[in-house]
Amino acid sequence: MDPRTSTARDLDPAPMAPIRAEHRPASAEDADTSPVDVHVTLDEVSVHYGPFTAVRDVSFDVHRNSITALIGPSGCGKSTLLRTLNRMNDLVPGATTSGSVTYNGEDIYAEEVDPVEVRRRIGMVFQKPNPFPKSIYDNVAFGPRLNGTKRGLDELVEHSLQRAALWDEVKDKLSQSGLSLSGGQQQRLCIARAIAVNPDVILMDEPCSALDPIATLRIEELMKDMASEYTIVIVTHNMQQAARVSDRTAFFTVDMDNERQDRTGVLVEIDQTDTIFTNATDPRTEGYITGRFG
Amino acid sequence: MATSPPTTERRSLKGSTRERRGDPIFRAILMVAASSVLLILAAMIIRTSIEAWPVFAKEGIWGFLTGRQWSVGTSRSEVTGTYGALPFIYGTLLISFIAIVFAVPLAIGIALFTNELAPSWLKRPLTYTVDTLAMVPSVVYAFVGMYFFRIEVWAPVGQFIAGTPAGEVPFLSGPVLLSSYWSAANILAIMILPIITAICRDVFAQVPADEKNAAYAMGATRWEVMSKIIVPHSFSGIVGATMLGLGRALGETLAVAVLIGSTRDMTSSVFQPGDAMTALIANTFQDAHPEAIWALLAIGVTLFFITMAVNITARLIVARVNTRVSGGAVA
């Protein structure tokens, strides 16, 4: 394990949560829970594409070693928001992010922070399985090789594939193309590939939307299993999925500005998943979850 | 106000489209179009080969390809001269190879910069500039090569190289002449640069954003994404672009004829004059006797087969790399 990561984990100040709590939408249940270990904090995060505001003033905490689901109707900016957490939006021309995202106590948008370094700690799995057109082995070894890892690569590849619950299926064909696998296997390969650079947060952008129900179930089990070791933030369109896998759920909606013809994503509320699904504070959440709109 | 929907008469399932004549006619037209290329090609090969045959018959194919002496005869009916094409084949391959070595890395660099690094206000001008270069007629390249580049750029650079320790190698030794393999190779490099750049740009743009994002998300830098994702992914496209450039370099006539110096000797130094297949044809066919025309046609046939060999090699390379990369799973 990366020594920096483990140190950061040990030293992470738990009392951070109360300081940021004031920014969170009110939630009685949340206040009851014992001091939580906050891993990532968003504070007044907005994302603009040129003059267009995609997401406005989002603040919430992501708890360590838990699964946080971001749900909401299309266009509510949840994927955009997810991409602010590892600075992937930096790659989009014209995109600007304001507010702060604090990871292990550090603002990842601070001037001296290297986005490349951020992405090595905060990994990402995409909507469509996107293995490289390389062998299974080379796919997993890609990230470690970027970091200059040469020794112990075999062990690292095996470990990552095991962690992604793919090892048994591919151990005899590591030299075959990653593209020869089924969709679900490809997605687990992508998870193994993300794990291989040893991140401690993994962002998943609708990781199952291109998969069949059985492959989806396997990925969900894998996510729950991984949560002991990683902090996971998942964007999903599938509310059942959010209910099945996540510990906490954030509900986003679209704020229409008819005057400016503008659609902006805003956070409605975030809470324990049970609470969101059974006893949401905001009527909009309940409306969405019970299928009245969106 | 309700209008009834337009009704279409239902036809029998059997043969309703067979009554329409357009399909077979269109198919026939397309087949003629497609077969015309084959016919044109076949006509050219057969006709030139027949004309050139007496020369191949006298020298032998191998003798023609490896002979170093080229002295034309004046007969109208038989082959009396000696025709060895090696100096021209060597010249053509040498200048084309150097041109590729110079142009391909530069083109890849320009394409990567345009696609990945250039700020958006610069992309368009860059693209237009390259495309404009592609449209410049070769006579213009020949002129600027002759009156400007060779005098003010290539010869001085050649002098410099010949003056370094590398100049001890016969291939890079002086004296540096204005008209030389070196000048011809350089003009070719400039002339094939736009087409290679344009194709590389398109090929690089085809790399799925997903793949690039996956690499970025693992903490790859821009340089790593370019060198480890974009370029490897585009390998077959780069080979294709290179081969197109090579094809143009092998076939380019005017600029080479003007700049290569046209000597029949195969000089060992790249800084000295030589000759190339196309240049020989262009420079001598106008007042050639019939047997010399046959010999020039033989050169033409040889050039055609060289070009074809280049193409087949390229396809083999591409096919091989594709199967290795995709494991046969995707085309």
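- Using a 4.5 Å cut-off between heavy atoms, Ile122(A) contacts chain B through its backbone alone, with no side-chain atom that close.
- Listed by sequence position, Asp210(B), Glu211(B), Asn213(B), Ala214(B) are the residues of residues 192-214 of chain B in contact with chain A, using a 4.5 angstrom heavy-atom cutoff.
- You'll find the side chain of Arg222(B) reaches within 4.5 Å of the side chain of Leu91(A), heavy atoms only.
- Highest contact tally toward chain B, considering only Arg193(A), Lys128(A), Met124(A), is held by Arg193(A) [criterion: heavy-atom pairs under 4.5 Å].
- Considering only heavy-atom pairs separated by less than 4.5 Å from chain B, the leading option among Arg83(A), Arg119(A), Arg87(A) is Arg119(A).
- Scanning all heavy atoms of the two residues, the minimum distance from Met218(B) to Val197(A) falls at O-CG1, 4.1 Å.
- Residues satisfying the salt bridge (charged side-chain N to carboxylate O under 4.0 Å, His left out) criterion with Asp107(A), sequence neighbours excluded, are absent altogether.
- Atom CD1 of Ile214(A) has 12 or fewer neighbouring heavy atoms from other residues, nucleotides or ligands inside a 6.0 Å radius.
- When the shell of 6.0 Å around CZ of Phe160(B) is examined, it contains 12 or fewer heavy atoms from other residues, nucleotides or ligands.
- Lys228(B) contributes atom NZ, which lies 12.0 Å from atom CG of Asp138(A) (distance to the nearest 0.5 angstrom).
- Neither the backbone nor the side chain of Pro115(A) comes within contact range of chain B, judged by heavy atoms closer than 4.5 Å.
- Tyr216(B) has its side chain out of reach of Asp90(A): every pair of non-hydrogen atoms, C-beta onward, lies at least 4.5 Å apart.
- Atom CZ of Phe97(B) has 12 or fewer heavy atoms from other residues, nucleotides or ligands within 6.0 Å.
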